[in-house]
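Below is one structure; the comments refer to it alone.
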Amino acid sequence: MVARRFVVPVLVAAVMAACSSPPPPPPEPAGPTAEEIEAARQDSIRRAEEAAEAARRRAEEEARAAAERAHREAVAAARAVLQQMVFFDYDQAEIREDAAESLRAKVGILRASPQVQIRIAGHADERGSTEYNMALGNRRAEAVKAFLAGFGIDGSRFTVVTFGESQPRAQGSTEEAWAQNRRAEFTITAGADAINPAN
Amino acid sequence: MRTMIAGASDGRGAGMRRSGHVVRGAALALLGLTQMFAPGRIGAQERDSIPGVTLGLLYESAYRPTVGIKPFTGRFGGDALAPRVEAIIGRDVRYSDRFETLESIPEALAGEGIDYTLWDRLNTDWIVSGQVEGSGDGFVLLLELHDVVFREVKERGRFPIPDEADDDFRMAVHRVSDAIVEWITGEPGMAASRVAFSMQGPGTAWEIYVIDSDGENLRRVTNYANTSLSPAWSPDGTRLAFTSYKEDDTPRVFEVDLGTGRERALAVTREGQYMTPSYHPDGQLMAFSVMNGPRSGLFTYNFDRDCCLTHLTGGSWDDISPAFSADGRWIAYTTNRFGEYTPQIQIIPSRGGTSETLSPYEYGANSYYADPDWSPTQEMVAFHGRIRRGRYQILVADLADRGHRLRQVTWEGNNEAPSWAPDGRHLVFAGERDWGFGLMIVDVATGKIRSLIGGRRVDVPDWSPALRPAS
């Protein structure tokens with residue numbers, strides 16, 4: 001661009017000079033040659049193309065990164081869904097509706113992630129017999145396993161353990177604390193790097 | 001340990017004693033648990049909150065003899081130790097819940113000799129006097145039990161007592177206390193015993209601890225920084241078995257030798273979660289629960305010979321918390337075979353056979369009974385039940401009546417997991433009160449409760465047998 005802007009006023013000046021006064025000595029060629037102009041033109045085109053290519057690559061990379069980020073977020077979300085606890089009613093091992101929803105969300109992920117294995121830990125609140133609560137925790141964990149297996153997930157992908165009332169999440173002898181403590185927890189024991197979001 | 005210099009028992013029965021006191025003779029002979037079976041005593045509280053079952057603690061109106069403890073003396077270097085020994089024995093005598101005790105002794109009774117007339121005026125029936133003598137590498141306690149009624153020495157004993165710094169010092173003194181209980185009542189005491197239990201902390205870990213029957217000498221047994229629960233004493237009092245998650249965060253049964261610290265794991269020959277061990281009185285056979293999937297059952301295993309896993313009972317329900325009878329022929333346990341939400345107590349022959357239901361199960365009633373423990377001295381099983389308003393209380397079932405007579409022995413707060421003392425009269429249990437959690441001891445004959453340890457989360461106690469001196 002710079003070269004062309006320079007060339008035009010020089011030519012105009014030369015023509016004007018030729019029309020008025022006695023012809024001066026033929027001017028020394030003041031501008032670039034046509035070859036030079038063409039080279040400059042080609043050069044500028046090439047640079048523009050390079051810039052465009054870089055922008056395209058950048059955009060592509062950004063898109064790839066965004067996709068990767070989105071995937072990672074989806075995997076993280078899937079992992080969080082897999083690890084999401086479910087809660088139970090007092091002295092019950094039945095799967096509540098809110099728990100069923102959470103477990104159904106796990107099913108799709110487990111189907112898409114066949115290498116993933118999970119340990120289901122059943123817990124109880126502090127009320128009632130400490131030893132019998134071991135059985136209650138086990139029944140809760142087994143109920144969760146049976147629910148997931150009911151959706152066709154291979155039961156051998158789960159191990160079950162009961163902690164009874166020994167590992168409360170919430171301290172205190174209140175309804176709120178008890179509700180937090182009647183739960184099943186999920187630990188990914190294998191395939192943690194092969195989690196796929198549900199299809 | 002106990003060397004009798006002179007046995008002064010002369011065959012004169014308790015029935016010959018003077019009649020000035022209520023229920024004198026018979027009460028002395030029967031003092032203890034037998035009292036609890038007497039129907040319709042004064043002060044009985046009856047309640048019919050469980051259909052067909054009588055609930056109610058029989059508060060004894062029975063006569064409790066008064067024991068006076070004359071200040072112990074010392075010689076040959078035993079002077080400093082004498083009041084310490086006397087204090088331990090004095091508290092043990094009160095904790096036995098079998099006697100009235102004197103708050104303080106008049107100056108006149110502390111001196112030389114025994115003024116029977118003056119003691120008698122204080123309504124004292126028995127006087128304990130003692131002298132602590134330095135003896136070689138330790139001490140000897142010369143003890144006398146005086147019968148105020150007959151104005152004579154009824155029993156004499158010579159008890160070696162180690163130095164106070166010795167690990168066995170307190171237990172040696174507790175054995176003297178149990179001798180006094182036995183001299184007077186003819187029944188075993190429980191002072192020389194310990195309670196094993198689990199306690200939480202520091203952090204979230206549950207470790208196994210032991211504490212003396214008088215609440216002293218707390219000691220930690222495990223240091224696994226994990227969950228360990230449900231300790232059970234071996235019948236000789238030298239080992240503890242328990243459930244622990246120390247390996248793979250999975251419940252397994254372990255045994256620790258309290259003398260050597262040696263630890264053993266129960267061989268796992270079958271998949272599953274192993275928990276709630278209990279020793280047969282032979283000290284070899286162990287019963288425990290195995291949960292495998294939605295099924296569970298009770299098994300026995302000869303831990304000594306590392307042999308022979310035997311299935312006793314089980315199915316697609318939960319069987320847990322086995323406890324052997326004193327003769328080893330029966331096991332009481334918790335089962336929910338009648339319904340997921342209604343655990344009951346059953347008994348089964350320990351070699352296998354047909355189960356019988358001990359708790360007052362009633363179809364559809366949704367009752368809750370758990371954690372049985374068989375009395376070491378009587379055909380009785382203690383457990384806890386949900387009584388009213390979702391509260392858990394300690395109950396005692398009399399097998400003579402096929403369990404149809406239940407006595408409720410706690411009334412306040414929540415109370416779980418009872419375990420019998422070697423005297424067959426006291427129960428330790430995990431209690432919850434407004435102020436927190438603790439282990440408590442109830443005298444089932446009087447309903448009297450004392451605290452053993454409190455403050456932190458404590459759970460599932462097991463009372464040891466009478467602890468003999470280490471040989």
Side-chain angles (χ1 to χ4, degrees), chain A residues 88-95 118-150 155-175 177-178 181-182 185-187 189, chain B residues 198 200 204-206 226-230 243 245 248-251 271-273 275-276 289 291-296 316-322 333-336 340-344 366 368-372 383-386 390-392 414 416-417 430 432 434 436-437 457-461:
Chain A
F88 295 84
D89 285 335
Y90 171 54
D91 206 22
Q92 303 284 308
E94 264 151 46
I95 305 294
I118 285 184
R119 188 178 81 157
I120 308 167
H123 298 262
D125 71 28
E126 68 191 19
R127 289 173 295 172
S129 158
T130 299
E131 290 185 348
Y132 184 66
N133 276 340
M134 298 286 272
L136 181 55
N138 192 58
R139 259 181 293 127
R140 284 176 174 158
E142 286 292 339
V144 166
K145 177 181 166 178
F147 185 94
L148 295 170
S156 69
R157 294 171 64 188
F158 305 107
T159 51
V160 159
V161 68
T162 175
F163 285 93
E165 62 180 74
S166 68
Q167 306 294 323
R169 272 183 84 217
Q171 297 296 329
S173 302
T174 61
E175 285 294 343
W178 291 332
N181 294 336
R182 298 187 298 264
E185 287 188 5
F186 301 84
T187 311
T189 53
Chain B
S198 57
Q200 197 174 27
T204 56
W206 287 91
N226 209 317
T227 298
S228 298
L229 290 167
S230 304
T243 312
Y245 288 72
D248 304 327
D249 244 3
T250 300
E271 215 183 304
Q273 306 178 71
M275 56 187 82
T276 64
S289 174
M291 289 179 193
N292 190 7
R295 298 173 62 82
S296 87
S316 55
W317 56 79
D318 301 305
D319 289 335
I320 195 166
S321 308
Y333 62 101
T334 309
T335 182
N336 61 3
E340 212 175 344
Y341 307 115
T342 178
Q344 301 292 324
N366 236 23
Y368 185 116
Y369 301 97
D371 293 353
F383 46 88
H384 77 261
R386 193 163 57 206
R391 291 287 185 171
Y392 297 88
N414 280 306
E416 295 180 15
E432 182 195 354
D434 294 339
F437 295 84
R457 288 300 298 263
V458 287
D459 218 336
V460 201

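Chain naming here is simple, since letters A, B, ... match the order of the sequence lines and numbering starts at 1 in each.
Using a cutoff of 4.0 Å between basic side-chain nitrogens and carboxylate oxygens, A/Asp89 and A/Arg182 are not scored as salt-bridged. A salt bridge between A/Arg127 and A/Glu165 is absent, with no side-chain N of the basic residue lying under 4.0 Å from a carboxylate O of the acidic one.
Aromatic pair B/Tyr341/B/Tyr368: ring centres not closer than 6.0 Å.
Of the atoms belonging to B/Asp249, heavy atoms from both backbone and side chain fall under 4.5 Å from chain A. Neither the backbone nor the side chain of A/Phe158 comes within contact range of chain B; no heavy atoms are under 4.5 Å apart. Proximity to chain A (any heavy atom under 4.5 Å) is restricted, for B/Phe437, to the side chain, taken from C-beta onward. Heavy-atom distances place no part of B/Ser296 under 4.5 Å from chain A, backbone and side chain included. Using a 4.5 Å cut-off between heavy atoms, B/Asn414 does not touch chain A at all. Looking at A/Ala93, both its backbone and its side chain come within 4.5 Å of chain B, counting heavy atoms on both sides.
Using a distance-only test at 3.5 Å, with no hydrogens or angles considered, no donor-acceptor pair links the side chain of B/Ser198 to the main chain of B/Trp206.
For the set B/Gly390, B/Pro343, B/Ala205, B/Pro251, the entry with the most heavy-atom pairs within less than 4.5 Å of chain A is B/Pro343. If you tally non-hydrogen atom pairs under 4.5 Å between each of A/Leu136, A/Val160, A/Thr159, A/Asp91 and chain B, the highest count goes to A/Asp91.
Between A/His123 and A/Phe163, the two ring planes are parallel [angle under 30°; tilted spans 30° to 60°].
Using a 4.5 Å cut-off on side-chain heavy atoms (C-beta onward), A/Glu126 and A/Asn181 make no contact.
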